[in-house]
Amino acid sequence: QVQLVESGGGLVQAGGSLRLSCAASGLTFSNCAMGWFRQAPGKEREFVSSISRRGGTTFYADSVKGRFTISRDNAKNTVYLQMNSLKPEDTAVYFCAATSRLGTLFLSGAEYNYWGQGTQVTVSS
């Protein structure tokens, strides 16, 4: 019954911005760290960002540091990824993930229990 539903993807020109949302249901959202991953065509899935249960700690891949911002609203059971200064190499399917595990940095996909279906982000040059 756990569902993670991403939204906000689309086509944007290089230098533009998008905000992705992930709405969670069927889990105790405030007990879960949340993460964003992405997978580009022909590439392996890679870590993008993660956020702690209360939102006080965040992590970012070097490739997006300074451009992307992760946040969460536990009252709305939603995690966000604000993406600024987008580059063509950001083109990928972006996946939201949740984990109830404790004591990790949530940098690996193996640490997550639940995954959304993904939303396509395409950045034109």
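Between M34 and V79, the shortest heavy-atom distance links the atoms CE-CG1, 3.8 Å. Taking all atoms of both residues into account, the shortest heavy-atom contact from N84 to S17 is OD1-OG, 2.9 Å. For R38 against S63, the heavy-atom pair with the smallest separation is NH2-OG, 3.4 Å. Closest non-hydrogen pair, C22 versus L4, comes out as SG-CB, 3.9 Å. Of all non-hydrogen atoms in L81 and S49, the two that sit nearest each other are CD1-CB, 4.2 Å.
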Distance-only check: which donor-acceptor pairs under 3.5 Å involve side-chain atoms of residues 114-121, not counting sequence neighbours?
residue, atom, partner, partner atom, Å
T119, OG1, G9, N, 3.3
Q120, NE2, A92, O, 3.4
Q120, NE2, T122, OG1, 3.3

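Residues V123 and V48 share a hydrophobic cluster, clusters being chains of Ile/Leu/Val/Met/Phe/Trp/Tyr side chains in contact below 4.5 Å.
In this structure, OG in S50 is found 13.0 Å from CH2 in W36, a value given to the nearest 0.5 Å. Distance check: L105 CG to F59 CZ gives 4.5 Å after rounding to the nearest 0.5 Å. Summarising the geometry, atom OH belonging to Y94 is positioned 4.0 Å from atom CZ belonging to F68; distances are rounded to the nearest 0.5 Å. With values rounded to the nearest 0.5 angstrom, K87 atom NZ is found 15.5 Å from S124 atom OG. Taking CZ from F106 and CZ from R101, the interatomic distance works out to 8.5 Å, rounded to the nearest 0.5 Å. The structure places CD of Q39 at 8.5 Å from CD of E44, a figure rounded to the nearest 0.5 Å.
Between S100 and L27, every side-chain heavy-atom pair lies at or beyond the 4.5 Å cut-off. Using a 4.5 Å cut-off on side-chain heavy atoms (C-beta onward), S21 and K76 make no contact. Looking only at side-chain heavy atoms (C-beta outward), M83 and R67 stay at 4.5 Å or farther from each other.
No donor-acceptor pair under 3.5 Å is formed between the side chain of Y60 and the backbone N or O of G66. Checking side-chain atoms of T78 against main-chain N and O of A23 turns up no donor-acceptor pair under 3.5 Å. Under the 3.5 Å distance criterion, the side-chain polar atoms of T58 are left unmatched by any main-chain donor or acceptor of I70. Checking side-chain atoms of R72 against main-chain N and O of F29 turns up a donor-acceptor pair under 3.5 Å. Judged purely by atom type and a 3.5 angstrom limit, E6 uses its side chain to pair as donor or acceptor with the backbone of C96. Checking side-chain atoms of R53 against main-chain N and O of N31 turns up a donor-acceptor pair under 3.5 Å.
Considering only residues two or more places apart in sequence or on other chains, F47 meets the ring pair (Phe, Tyr, Trp, His ring centres under 6.0 Å) condition with F37.
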